[in-house]
Amino acid sequence: RQPVDLVWATNAHPTRSLAVQNFERQNPGVRIRILPISTPWKLQLQCHFGRCPDILTFFHPGAFQSFAQDDLLLPLPDVEYWPHWPGLKSYGYRETDKVRMAEPQVAYPYVLYYNSDLVSPETAKKIRDWDDLRTVAMSVIHQNTSARKVFGVEIHSDLIWFQTLVFANGGNLRGHPDSFSHVKAALRQMREWRSMPNLVPSPADRRNVPSSGSSQGVLGSLFLQGRAAFYWSGSWKLWSISQQDRIPWRVRTIPSGTIGPVTLLGGNSFGVYRGTKHPDDAKRFVAYLGSYEAEVAHVASGILFPSRMDVPVPSIVKSIEHTLQTGRTADYGIGLDAVKIEARLKDIFEAHRMGELNDEQAAQKIMTILRLGDRQ
Amino acid sequence: MIRKWIGSTCIVVMLLVVFSAPFIWMLISSLTDNKDLFLSNEMWSLLPERWAWENYVEVFQRIPLLRYLMNSFVIAVMHSVLETLLAAMAAYTMIIVGGRIGRLLFVLLYMAWLIPGTFLVLPRFLVTVFMPYAFPASEFWTEPRIWDVFGQQVNVGGIIGLDSFFALIVPGCFSATAAFLLAAAIRQLPQNLFEMALLDTGSQRLAFRDACLPSIKAPLAVVAFLAFHGSWQSFTWPLLMASSPDMLTAPIGLMTFRDLHQAQWSLVMAGGVILTLPSVLLLFFAHRYVIDRAEVHDNAVVAL
Amino acid sequence: MAILKFENVTKRFGQVEALKDFALDVGDKELLVLLGASGCGKSTALRLAAGLEQPDHGHVTLRGQPLQQLRPHDRDCALVFQNYSLYPQMTAMENILYPLRMRKVAVEEQSRRLNSVRELLHLSEAEMQRRPHALSGGQRQRVALGKALARQPGVLLLDEPFSSLDYNLRLSLRSELRRIQKHLGIAVLMVTHDQTDAAAIADRVAVMHQGKVQQVGAYKDLQHFPQTEFVAGFIGSPPMSLLPAEWDGQCLHMPTGDRLIPCDFAAPHGQVMLGLHPEDLEFDTQSNSSGTVCIHGIERHADKVLITAGIDGYRLMALSTEEFADTDTATLQIKRVAMAFDVTGKPVGPISTFQRV
Amino acid sequence: MAILKFENVTKRFGQVEALKDFALDVGDKELLVLLGASGCGKSTALRLAAGLEQPDHGHVTLRGQPLQQLRPHDRDCALVFQNYSLYPQMTAMENILYPLRMRKVAVEEQSRRLNSVRELLHLSEAEMQRRPHALSGGQRQRVALGKALARQPGVLLLDEPFSSLDYNLRLSLRSELRRIQKHLGIAVLMVTHDQTDAAAIADRVAVMHQGKVQQVGAYKDLQHFPQTEFVAGFIGSPPMSLLPAEWDGQCLHMPTGDRLIPCDFAAPHGQVMLGLHPEDLEFDTQSNSSGTVCIHGIERHADKVLITAGIDGYRLMALSTEEFADTDTATLQIKRVAMAFDVTGKPVGPISTFQRV
Amino acid sequence: MRSLDFVFLALPMIAGVAVFTLLPAIIGVGLSLYRWELVAHPEWVGFSNYRYLFQDTLFQKAIINTFFFALLVPVKILFSYCLAMLLSGRSLRNQSLRLAAFLPTLVNPIAIFILWRWIYQADVGLIARLGAAFGVEFPMWLEDPTWAKPALMIVMLWEGIGGFSMLFFLAAFRQIPKQVHEMSYLDGASGLQKFAVVYWPWTRRVIWFSLALGYLGALYGGFEIAYAMTGGGPLHATTTLSFYAFETAFQMRHAGYAAAIGVTMMLAAVPLIILRVLLTKTFRSAAS
Ligand SMILES: Nc1ncnc2c1ncn2[C@@H]1O[C@H](COP(=O)(O)OP(=O)(O)OP(=O)(O)O)[C@@H](O)[C@H]1O
Ligand SMILES: Nc1ncnc2c1ncn2[C@@H]1O[C@H](COP(=O)(O)OP(=O)(O)OP(=O)(O)O)[C@@H](O)[C@H]1O
Ligand SMILES: [Mg+2]
Ligand SMILES: [Mg+2]
């Protein structure tokens with residue numbers, strides 16, 4: 001048999017090469033090379049012109065959906081069985097016809113980290129809803145006596161915040177009769193929070209980089225400096241936060257209030273390019289990546305939340321395991337390009353934050369975008 | 001006298017600080033542990049607690065940076081040579097040969113000079129991608145090739161089209177600015193030189209080779225340096241044209257460190273330092289030509 | 001037999017007519033010098049002969065063949081410029097060999113010619129290995145000459161080859177040029193604006209003015225029998241002085257107030273222009289008679305005194321071998337009129353003897 | 001009285017010693033010409049006088065005051081360069097007025113001086129309104145001179161002011177310069193490498209060689225009584241020929257094989273160098289006796305023939321007023337030895353009469 | 001020109017420019033009449049892309065921003081000029097300073113822009129800290145729509161003055177004959193007078209040339225810095241035309257609309273063509 005060369009477009013995380021090593025050991029005839037992704041649009045453009053890696057990685061349900069929509073992926077009917085957390089479905093099934101086209105690997109629920117020096121675990125446990133969180137955070141700010149500014153809640157992004165608030169109010173981004181009022185309510189709440197001094201740090205308060213998708217390494221720096229009581233972010237940070245010894249930290253679920261499950265679920269998944277020369281080997285590799293064995297290995301190397309329900313989670317996150325059950329991904333509907341929508345939404349949040357738009361106007365705009373997408 | 005000396009020294013020190021401080025900070029950041037990079041809030045203590053030399057090792061381990069650097073280098077050198085040569089030939093045609101062809105070339109180049117780069121990116125991408133299909137047997141042109149270089153299997157991409165060195169090097173080589181700079185330099189040379197060469201050789205081609213090229217070494221060095229540096233740092237075009245892992249260039253490779261879930265700024269900085277070094281070294285050795293002996297005549301304006 | 005021939009050549013650059021009905025023959029084995037003021041079209045004529053420019057009208061023929069039909073490469077003439085006749089990046093030897101290589105001359109033949117040229121021009125082996133910038137001005141011009149001669153051209157074209165050299169070098173190079181020309185028996189067309197060069201080595205001198213050949217002949221003839229006013233006022237160092245006079249058939253009325261009655265002089269009545277050799281003028285400071293001119297300058301050279309005077313805006317120059325005391329005005333004495341011209345500038349003959357009234 | 005004085009000035013550029021122990025006085029109302037080969041340091045001396053360079057050793061004094069102590073502004077000397085003495089973007093008038101404006105001269109005074117300069121230099125009103133590129137070379141140099149003169153300097157420094165002009169212009173400009181200098185009574189220090197200029201207008205000529213003044217004096221003295229070998233071989237057109245001879249106290253053994261017994265000649269035994277005026281040499285083609293030299297070149301000028309010959313690598317130049325037939329060898333006849341020098345280059349006197357053996 | 005010479009000397013450039021610049025430009029102009037999302041087939045929309053330009057507030061913002069950045073060009077040239085004057089000597093000090101001044105041009109732009117972002121950081125940045133030490137309160141540079149532009153301009157200035165325009169000026173200064181300097185010195189000119197008399201006439205053309213280049217650069221540039229430092233924000237205060245065109249084409253995938261923006265950008269280059277005609281005329285008349 002001829003040796004097979006596969007290209008896998010993914011990020012430069014150390015676990016990637018680990019997975020490749022394991023797979024190559026089991027499948028001697030196959031060699032897999034990693035193509036680092038820097039800009040997703042470039043991959044899509046090149047795919048349309050016939051040059052594409054055999055295996056693609058999606059970090060965002062929107063990206064997966066748009067590849068699936070453009071018919072750039074092979075269906076994966078032979079892996080019909082779905083052993084993964086239900087919230088990850090939009091990472092694996094094409095929206096229009098529910099064809100399985102990708103295999104998820106990890107699940108990243110959003111969680112709330114807190115600094116146990118500033119907030120005692122008992123207090124933290126008692127927080128039930130957003131108002132509780134605000135009260136606790138404000139008291140931390142008021143108790144601060146050091147010269148350094150201390151902030152209440154550092155939040156991953158306005159989009160996350162906004163979506164969670166809409167969900168928490170029982171809303172939905174689309175198809176709900178009261179969507180407009182939910183959106184407006186969420187915006188009002190965000191504005192109120194911002195009007196409290198130091199409750200939410202502004203982008204200017206931390207060493208930052210531009211917001212177009214790559215702010216992860218910098219976010220959380222306030223929390224890590226011990227200057228934020230809470231940090232609301234993805235669970236992929238767990239590993240790196242657990243590796244440091246500067247601040248005492250704990251983690252809990254995001255307060256849900258009365259409505260129930262509101263956690264957003266992040267993750268990533270793998271699909272096979274339709275034009276690949278070795279579809280069988282590629283599928284095999286994808287299947288391997290989503291397999292029990294591979295996920296166990298991942299968890300062992302620091303990826304804490306597997307996407308498979310049957311893989312046990314490590315003990316340090318045992319307490320929030322249940323969020324995986326109820327987490328869901330943000331979806332904007334059929335035919336609308338999530339990437340574009342998020343770019344537009346970010347603009348609106350920015351304008352809203354700067355007072356350029358009031359709640360009403362911002363809500364109106366958001367609704368238009370959610371309805372029409374990006375049509376001129 | 002002393003006052004003057006102090007004054008000038010102050011200016012010099014200030015300029016030095018202003019120009020090199022960010023670069024030095026970049027050096028320092030590249031030697032800081034990524035974990036610590038955002039933690040020190042005390043900006044006065046700029047120096048890291050621990051010099052993280054391993055960042056430089058890690059850059060090479062995490063991505064095949066060596067291969068990317070090689071690609072970048074090959075592309076930049078080829079680009080520089082081609083662009084310089086093409087510009088010199090065009091300049092020679094415009095200034096010395098003249099005539100209808102010289103004028104045509106001038107008009108073409110002037111038009112090209114005025115077209116914005118961002119506007120060109122996508123159509124140029126299309127042209128390059130569809131180029132193999134203009135020839136018979138497009139498979140032959142686009143099929144990736146593997147070369148055996150010192151026992152190493154090296155993927156060198158197709159001949160033309162997406163993911164080929166041709167596409168990475170050639171489309172950007174036709175620089176009007178370079179041609180105009182060289183035209184200004186040639187205009188300064190005595191016409192006698194070229195007439196003599198024409199009488200000696202009987203062909204403009206040889207006159208160009210033997211009379212023109214050796215006489216404009218300094219401006220050639222300037223243009224070659226500009227071309228090298230431009231290609232070495234270029235991002236968008238190689239990003240579009242390179243699709244397989246073996247064809248990426250170093251600046252694109254570095255972007256890996258700032259992708260969605262983890263931005264490793266100290267590695268980005270280390271890579272930035274590595275990327276800066278060749279240009280700095282080149283300039284250091286070539287600065288006699290490039291900075292000190294740059295001869296760009298005011299005629300450049302008339303050429304433009 | 002004329003080897004190089006300009007047949008009523010006209011050459012225009014935009015508005016400027018660089019050459020107008022230019023006609024000239026360069027004979028076999030002749031050294032012809034083209035002399036003229038700056039901008040009169042000397043270089044243009046040479047460039048036409050080299051094939052670097054095309055004439056607008058007329059022809060240039062080389063050995064009877066129209067030049068345009070030959071590629072510049074194949075033409076039997078070599079051109080040496082004032083400067084930049086060498087490639088800066090090549091050694092002297094490489095420079096000399098370059099045109100031969102381009103013409104695919106056999107290697108043995110190349111080295112044979114190199115040696116003969118080297119000997120002819122007294123260039124040492126060491127000098128042949130140097131780049132032009134490491135050679136002195138004279139050596140450089142010799143190498144340039146060598147480069148042209150190695151091609152063994154039928155006609156050698158030289159554009160002010162000595163003008164950037166200093167006196168001593170110039171002297172020796174030009175006599176060397178003459179020697180070589182004689183030795184090889186080639187035709188040389190040389191452009192210069194320096195009369196001493198022309199006087200020193202030319203077989204014939206062609207004087208140009210505004211794109212036209214004014215007169216061709218031996219330097220001495222030009223000096224003594226100028227055929228046009230321009231030549232009269234141009235040739236000689238110092239040249240003839242030109243002074244107008246009114247001719248009424250009997251008498252020449254001079255601007256000084258003098259009247260001269262020539263013995264034999266036939267010209268239509270009206271104004272004539274008198275060409276006066278510097279040696280034929282004399283200024284008298286003693287006598288206070290008529291014919292007074294202003295003395296502008298007195299230059300005392302080694303063996304003679306040059307006196308510049310003016311009258312009515314005309315400049316008079318006289319050479320005298322005797323000491324001349326400083327003065328402001330003097331009386332002009334004309335000993336001989338070397339040549340007289342009528343209003344159209346045509347010569348109407350010398351006036352050797354006359355009576356002064 | 002010396003108005004400008006170089007006191008043992010040394011000036012170095014890196015390795016090159018441009019001036020070595022350079023000493024020179026320029027007297028009041030004197031026109032002194034600095035003559036020398038290219039690169040001997042003439043311009044450097046001038047630039048020192050203008051204050052553009054500082055001497056490494058020694059002083060330059062202007063009216064007794066060290067130049068360094070004066071601001072360039074206040075220095076009483078004006079410099080005219082060979083080229084670029086005018087700002088291209090200003091009209092001739094603006095150019096002339098510019099230094100006055102910089103010195104804040106009153107406006108009426110400015111126009112007064114402008115007019116006087118204009119008249120002095122025969123420049124028309126129209127010419128004054130033109131930019132330099134629209135002026136001819138001679139006009140341009142006149143304007144440059146005017147710019148320098150308008151400042152009414154005590155010393156005028158000129159660096160090869162005529163070298164880019166053609167013969168006729170040169171002739172008239174230099175006599176004009178002399179007239180103006182006399183008229184205004186200023187001192188002029190002029191640099192040139194052209195001997196005719198020097199001979200024509202200089203009160204005194206200083207000959208430089210390798211950064212040192214070799215001899216200062218009237219041109220005629222330099223020509224007839226050169227004090228160093230260099231001056232002998234440099235001054236005159238053509239200059240003296242230099243020929244070595246072996247002196248044994250009685251007899252001068254010439255390289256031609258001749259022996260001369262001078263009548264009165266006192267020098268230590270050994271080699272002496274004989275300086276021979278061109279007029280004192282004669283070549284004889286008839287007699288086939290000893291003293292044979294090779295004839296290198298014969299140039300027939302208007303009234304004389306210049307014969308160049310060589311022996312043992314020495315070049316001999318003779319001027320003869322008679323026709324000279326082409327030949328390859330000839331016998332050398334020495335009529336007079338203008339000056340002889342001992343091994344150190346010091347003059348040991350002329351040898352006017354001698355016997356030939 | 002014989003055919004072989006033509007093939008060797010002129011054809012490569014003519015062919016290359018035609019294929020890789022002019023042909024794409026024509027395709028681009030054609031593209032501006034389509035709606036194309038980079039996938040599927042383009043859809044003919046006629047001039048509606050251009051019509052939409054008029055209602056697109058973002059586009060208008062981008063024009064204004066680009067105009068603002070273009071205002072920097074003369075300042076940049078002035079600074080480069082002064083710097084070149086300061087460093088034009090041949091001493092070792094000047095040589096090394098020239099190298100230092102060249103550094104910003106050499107350093108990898110992405111890395112250096114990110115560093116600048118940190119320098120500007122409101123609370124903890126270098127500038128804020130310096131300000132705090134002297135009791136000055138600076139704005140939140142990059143988060144404040146009014147200050148983001150000046151902040152970027154400072155970076156552009158820092159990046160631009162030591163680079164190639166300084167090189168051009170240095171080269172131009174070198175062309176001034178020494179005698180002109182000396183003449184003005186002897187004439188007693190100093191300071192501004194010296195500039196007017198010596199520098200201006202000899203560098204006039206290079207200044208025009210740099211202005212033209214700078215104008216083009218400002219018109220077509222500003223992409224990288226916005227991409228790496230601000231992402232075009234805040235509130236699109238730093239979105240230049242080229243950044244907007246790029247975002248539209250690749251982020252929003254409206255290739256046709258982006259092409260229409262590009263075509264409008266090209267219209268802005270028309271003054272340069274006129275300028276060239278005028279310049280050639282004046283220089284011709286000055287030369288004759
Ligand atoms: N290529 C050209 N374009 C326009 N005009 C030209 C060109 N070449 C020469 N001329 C003009 O033609 C005239 C004659 O020029 P040419 O060079 O033959 O003069 P010249 O006698 O050699 O002068 P010089 O002694 O200064 O070298 C001049 O007026 C010159 O300006
Ligand atoms: N600025 C300088 N730097 C280095 N060397 C110099 C400089 N100026 C002059 N020299 C050297 O000093 C010597 C004398 O130069 P100078 O210009 O005075 O000669 P010159 O007699 O005027 O020659 P020319 O007749 O060619 O003008 C030359 O060898 C020259 O190379
Ligand atoms: Mg000429
Ligand atoms: Mg000089």
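Below, chain A is the first sequence line, B the second, and so on; all start at residue 1. Every heavy atom of this structure was used, including side-chain atoms; hydrogens, water molecules and symmetry mates were not.
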Any heavy-atom pair between the side chains of [Y] and [X] that's under 4.5 Å?
| X | Y | result |
| --- | --- | --- |
| E:Phe209 | B:Leu181 | yes |
| B:Val107 | B:Arg103 | no |
| B:Phe235 | E:Pro109 | no |
| B:His79 | B:Phe228 | no |
| E:Leu31 | E:Tyr257 | no |
| B:Thr276 | B:Phe23 | yes |
| E:Phe6 | E:Ile14 | yes |

Item to check | E:Ser80 side-chain N/O to E:Ile161 backbone N/O, donor-acceptor pair under 3.5 Å | outcome: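 Side chain of E:Ser80 to backbone of E:Ile161, a donor-acceptor pair under 3.5 Å: yes, one is there.
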Side chain, backbone, both or neither: which part of [X] has a non-hydrogen atom closer than 4.5 Å to chain B?
| X | answer |
| --- | --- |
| E:Val270 | neither |
| E:Leu219 | neither |
| E:Phe223 | side chain |
| E:Phe243 | neither |
| E:Ile261 | neither |
| E:Leu216 | side chain |
| E:Leu103 | side chain |
| E:Leu97 | side chain |
| E:Val155 | neither |

Picking from [options], which has the most non-hydrogen pairs under 4.5 angstrom with chain B?
| options | answer |
| --- | --- |
| E:Ala245, E:Ala259, E:Ala249 | E:Ala259 |
| E:Pro12, E:Pro24, E:Ser210, E:Ser96 | E:Pro24 |
| E:Ile27, E:Leu106, E:Thr21 | E:Leu106 |

Checklist entry - Has E:Tyr215 got more than 12 heavy atoms of other residues, nucleotides or ligands less than 6.0 Å from its OH? => result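 Atom OH in E:Tyr215 is crowded, with more than 12 foreign heavy atoms closer than 6.0 Å.
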Residue selection (most heavy-atom pairs with chain E, distance under 4.5 Å) from [options]:
| options | answer |
| --- | --- |
| B:Leu108, B:Leu126, B:Leu277, B:Val273 | B:Leu108 |
| B:Ile11, B:Thr128, B:Leu226 | B:Leu226 |
| B:Ile115, B:Leu282, B:Leu275 | B:Ile115 |
| B:Gly271, B:Pro251, B:Gly102, B:Pro116 | B:Pro116 |

Please classify the contact between [X] and chain E as side chain, backbone, both or neither, with a heavy-atom cut-off of under 4.5 Å.
| X | value |
| --- | --- |
| B:Met94 | neither |
| B:Ala179 | side chain |
| B:Thr118 | side chain |
| B:Ser175 | backbone |
| B:Val127 | side chain |

Checklist entry - Taking only residues two or more places apart in sequence, or in another chain, which ones meet E:Trp116 in a ring-ring contact (aromatic ring centres under 6.0 Å, His included)? => result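 Only E:Tyr120, E:Trp158 meet the ring-ring contact (aromatic ring centres under 6.0 Å, His included) criterion with E:Trp116.
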Item to check | E:Phe173: ring-ring contact (aromatic ring centres under 6.0 Å, His included) partners, not counting sequence neighbours | outcome: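 Scan of E:Phe173 (ring-ring contact (aromatic ring centres under 6.0 Å, His included), adjacent residues dropped) gives E:Tyr81, E:Tyr199.
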Next on the checklist: Minimum heavy-atom separation for E:Phe20 and B:Arg124, please, with both atom names.
Outcome noted: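 Nearest pair, atom of E:Phe20 first, then B:Arg124: O-NE, 2.7 Å.
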Item to check | B:Phe125 CZ to B:Leu239 CG distance, which is reported to the nearest 0.5 Å | outcome: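 Here the interatomic distance stands at 10.0 Å.
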